[in-house]
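Only one structure is covered here, and it is reproduced in the block below.
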Amino acid sequence: AKWGKQVLISDESWQASSGDEFLHITDAINESSGGFTVEDFSNGAVFADFEISFRLYMSDSTCCGDDDDTTAEHSPADGMSINIGNDLPELADLAEEGAGSGLRICFDTWDNGGGEAPAIDVWSGGGPDLLARQKFDGRTSATEEEKFKDENGDYVWLWTQGEWVDVKISVMNGMLTINYKGIDVIKEAVSFDPLAGPNWLFAARTGAANETHWIDDVSIEIYAEDESAPTDLKLIASFSADWTEGEEPEGTSMAGTAAIGDSDTWEQAVVLGSADMPPWGLARGLILQNIIAVADPDEWDDKDHAPT
């Protein structure tokens, strides 16, 4: 199995250098898992209102089903999640189902037989409790009425069909909105326990089938009630990061600057490797603080530096 972990610490400052200008959480390789964690950048703020946006490329499955990604027989796997909480793992074993007892926003592309996917789910608490679900077409036992269609009556696919798409997730004054591919696919009132200085884990995995899970242009904004105007919300903390080669990073927050390291700081990362993947592993030439790139650590004698 291949896996990767990346932790971005919000009070560190690096300059972007190499790579292909986006972050590979996983590639379209079977049995792989990856995670990208943004540590708390709000100085422990308590909140329930936030907005996350990013670009997503979840496509290019090499297995299984029909190669045509405009048909329901196309079968990519497994999916990804955005997890917000104080008890998050470094990697989520079942990334498409999320982890932790805070909030989980899950993009599950593989139906395990119960008609639960392809779908976007939102869960909260240690139970967890299902706050919202929208199913999509695919190889699934979900009913036709459950599958999302656009205003023209056409199916909207959960995978991105060889394109980068915009994802925007917000909770404002108790209203959850998920805009996917420019369409509000979920919009409903929700209730959950306030979050307090959480971390943010982007996790993804593949299994016996696969797809890419690539992201870019990540932005997170946290809001709280404006005491001078109680019916309004005010921005209290923000984080952003992109992987544009050769440009200064945009990762700023209350805690300082957060972005991507450059290859000259490789020795500051812990890197493990396997014989069948390049030492840059899932990071694809991008350095973040505290990377663990791929498994099989026993392949390498020196666990404090990149293998040579």
Side-chain angles (χ1 to χ4, degrees), residues 46-56 58 76-88 92 94-138 140-151 153-160 165-196 198-205 213 215 218-223 233:
V46 178
F47 64 94
D49 300 281
F50 63 89
E51 183 173 275
I52 306 169
S53 64
F54 59 97
R55 297 174 64 233
L56 173 65
M58 189 167 64
D78 275 287
M80 64 171 290
S81 59
I82 302 96
N83 305 276
I84 313 168
N86 304 102
D87 58 349
L88 302 180
L94 298 175
E96 71 279 12
E97 296 181 8
S101 59
L103 280 182
R104 313 177 187 183
I105 301 102
C106 304
F107 294 69
D108 187 349
T109 56
W110 183 271
D111 184 4
N112 291 313
E116 81 286 351
I120 299 175
D121 295 342
V122 182
W123 303 84
S124 73
D129 299 320
L130 181 63
L131 299 182
R133 168 176 284 170
Q134 178 57 62
K135 299 181 181 181
F136 296 81
D137 196 19
T140 177
S141 58
T143 67
E144 287 301 302
E145 292 73 19
E146 293 177 296
K147 301 172 184 176
F148 189 86
K149 299 181 179 68
D150 65 17
E151 61 184 7
D154 298 323
Y155 290 119
V156 176
W157 304 98
L158 186 53
W159 43 89
T160 68
V165 304
D166 293 323
V167 183
K168 187 173 182 179
I169 303 161
S170 67
V171 177
M172 295 291 184
N173 291 316
M175 179 61 67
L176 166 68
T177 304
I178 299 181
N179 187 283
Y180 189 62
K181 299 184 177 182
I183 305 168
D184 287 347
V185 297
I186 291 177
K187 192 175 184 69
E188 59 185 270
V190 295
S191 177
F192 54 87
D193 291 337
L195 301 157
N199 292 344
W200 310 70
L201 168 65
F202 292 73
R205 80 172 183 109
H213 302 97
I215 62 172
V218 175
S219 174
I220 306 172
E221 296 181 339
I222 296 173
Y223 293 84
L233 296 173

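In what follows, every heavy atom counts, from backbone to side chain, and hydrogens, waters and symmetry copies are set aside.
- Judged by distance alone, with hydrogens and angles left aside, the side-chain atoms of Ser124 form no donor-acceptor pair with the main-chain N or O of Leu103 at under 3.5 Å.
- Heavy atoms only, all atoms of each residue included: Met175 and Ala189 are closest at SD-N, 3.7 Å.
- Nearest approach of Ser81 to Gly98, heavy atoms of both residues: OG-CA, 3.5 Å.
- Under a 3.5 Å cut-off, the side chain of Ser141 and the backbone N or O of Gly115 do form a donor-acceptor pair.
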Please assess Glu96 against Arg205 for the test salt bridge (charged side-chain N to carboxylate O under 4.0 Å, His left out), listing each intermediate value before the final yes or no. CA-CA 7 Å; Glu96 71 279 12; Arg205 80 172 183 109; 2.8 Å; yes
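- Rounding to the nearest 0.5 Å gives a distance of 6.0 Å between CD1 of Ile84 and CG of Leu195.
- Between the CZ atom in Phe192 and the CG atom in Leu176 there is a gap of 8.0 Å [rounded to 0.5 Å].
- Atom CD1 in Ile82 sits 6.0 Å away from atom CD1 in Ile52 (nearest 0.5 Å).
- Atom OG of Ser170 and atom CG of Asp49 lie 9.5 Å apart (nearest 0.5 Å).
- Classification of Glu51 and Lys168 as a salt-bridged pair holds, one side-chain N sitting under 4.0 Å from a carboxylate O.
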Kindly indicate, with the supporting measurements, whether the criterion side chain to side chain donor-acceptor pair (under 3.5 Å) is fulfilled by Thr177 and Asp184. CA-CA 7 Å; Thr177 304; Asp184 287 347; 5.6 Å; no
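- With Asn86 contributing its side chain and Ala196 its backbone, the two residues share a donor-acceptor pair below 3.5 Å.
- Applying the side chain to side chain contact (heavy atoms under 4.5 Å, CB included) test between Phe136 and each of Leu158, Asp108, Thr109 identifies Leu158 as the sole match.
- Across Pro118 and Thr140, no two heavy atoms sit closer than the pair CD-CB, 3.9 Å.
- In this structure, CE on Met58 lies 12.0 Å from CD1 on Ile215, to the nearest 0.5 angstrom.
- If you run ring-ring contact (aromatic ring centres under 6.0 Å, His included) between Phe107 and each of Trp157, Trp159, Tyr180, only Tyr180 comes through.
- Looking at Asp137, its side chain never comes within 3.5 Å of a backbone N or O of Lys147 through a donor-acceptor pair.
- Ring planes of Trp200 and Phe50: perpendicular class, angle over 60° (limits at 30 and 60°).
- The main-chain N or O of Gly114 is found under 3.5 Å from a side-chain atom of Glu116 such that the two form a donor-acceptor pair.
- Here CZ of Phe47 is found 4.0 Å from CD1 of Ile222. Values are rounded to the nearest 0.5 Å.
- Listed here is the closest heavy atom pair of Ala203 and Asn83: CB-ND2, 4.2 Å.
- Minimum interatomic distance between Met80 and Ala204 (heavy atoms only, all atoms of both residues): CB-CB, 3.7 Å.
- Residues Glu144 and Lys149 meet the side-chain proximity criterion, which asks for heavy atoms closer than 4.5 Å.
- More than 12 heavy atoms of other shown residues, nucleotides or ligands fall within 6.0 angstrom of atom NZ in Lys181.
- Contact detail for Leu131 and Glu188: the closest heavy-atom pair is O-OE1, 3.3 Å.
- Between Phe148 and Ile120 there is no side-chain heavy-atom pair separated by less than 4.5 Å.
- A 4.5 Å side-chain heavy-atom check between Arg133 and Val122 finds every atom pair outside the cut-off.
- Sparse packing is recorded around CG of Asp193, with 12 or fewer heavy atoms of other residues, nucleotides or ligands lying under 6.0 Å away.
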